[in-house]
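See structure below.
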Amino acid sequence: MLEYAGSAATPPEYPRWDLPEIAIVGRSNAGKSSLLNTLGGRHDLARVSKTPGRTQRVHFFAERRLGLAVADLPGYGFARASKAEREQFAAAAERYLLERELLRGLVLLLDVRRTPEEDERVIVDLAQSRRLGLVRVATKVDKLGRTERVRRLRELDRAGLGPWLPFSASTREGREAIVEAITELISAS
Ligand code: GDP
């Protein structure tokens, strides 16, 4: 069960705890809130991250049973954001990704119907340079038929960023595999 633990724009405002953290990253609309709700076992959990100011802040959730915390980063890929919002994203998310010492791993979300682009490569490179664990999640797989789904997942795996776990917030398919991957990442770090 995830518990909301506050939102922060700058490091001094981050929670002062000793829980290892996992950050959820992905473009706007990739399905971050839906994944958080599915992982957290509540429908309203990520509503907070849809409120005004979302783009400027990192939202923190504690998962006490698993002994970890989750940071929901503002979405990148800025189709709907103004220039000022893009700059604020850069400030809030980049500072978190570069400076947070408790950060152990990233969960990178990509809509299964999209192709990884520069935004995704930046995240994969960052995971490597900071030696963070990385779980790649292809979201919304329920939107594809059987054949198309197999084809898209194969293409994603060939894109050179590593293997992707299929996930659907609608059917909850993939939830257990993601929890397992996150738990393994934390125990290995
Ligand atoms: P965020 O901007 O990354 O937090 O993305 P959201 O979780 O808000 O999802 C964006 C849109 O995609 C919403 O309309 C969701 O209902 C929809 N969505 C998210 N995950 C899924 C999924 O697994 N299946 C389907 N069919 N729709 C999804």
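Nothing fancy with the numbering, it's 1 onward along the sequence. Ligands are counted one by one from 1 in listed order, and the atoms in each one are counted from 1 as well.
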- Message: With a 4.0 Å cut-off on heavy atoms, is Asn29 in contact with ligand 1?
- Response: yes
- Query: Gly26 near ligand 1, heavy-atom distance under 4.0 Å?
  - Reply: no
- Message: Using every non-hydrogen atom in the two residues, find where His59 and Ser7 come nearest and quote the distance to one decimal.
- Response: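 That would be ND1-OG, 2.6 Å.
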Provide the number and element of each atom of ligand 1 under 4.0 Å from a heavy atom of [X].
X      : value
Asp142 : 22 (C), 23 (O), 24 (N), 25 (C), 26 (N)
Gly31  : 1 (P), 3 (O), 5 (O), 6 (P), 7 (O), 9 (O)
Lys32  : 1 (P), 3 (O), 4 (O), 5 (O), 7 (O)
Ser170 : 22 (C), 23 (O), 24 (N), 25 (C), 26 (N)
Ser168 : 23 (O)

With nothing but distance in play, are any N or O atoms of [X] less than 3.5 Å from an N or O of ligand 1?
X      : result
Val141 : no
Phe167 : no
Ser28  : no
Lys140 : yes

- Tell me, which pairs form a side chain to side chain donor-acceptor pair (under 3.5 Å) where one or both residues lie in residues 159-179, sequence neighbours left out? Asp142-Ser168, Arg149-Glu173, Ser168-Thr171
- Query: Does any pair with a residue in residues 5-25 pass salt bridge (charged side-chain N to carboxylate O under 4.0 Å, His left out), and if so which ones, sequence neighbours excluded?
  - Reply: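 Checked against salt bridge (charged side-chain N to carboxylate O under 4.0 Å, His left out) - neighbours excluded - the pairs reaching residues 5-25 are Glu13-Arg57, Glu21-Arg100.
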- If we only count heavy atoms from C-beta on, is the Val112 to Lys143 side-chain gap below 4.5 Å?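 Sidechains of Lys143 and Val112: no contact.
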- Query: What orientation do Trp17 and Phe60 show, parallel under 30°, tilted 30 to 60°, or perpendicular over 60°?
  - Reply: perpendicular
- CZ-CG distance between Arg130 and Asp125, expressed to the nearest 0.5 angstrom: 14.5 Å
- Query: Quick one: do Glu120 and Arg27 make a salt bridge, cutoff under 4.0 Å?
  - Reply: yes
- Query: Under 4.0 Å between a Lys/Arg side-chain N and an Asp/Glu carboxylate O for Glu155 and Arg151?
  - Reply: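 Here Glu155 pairs with Arg151 in a salt bridge, since their nearest N and O are under 4.0 Å apart.
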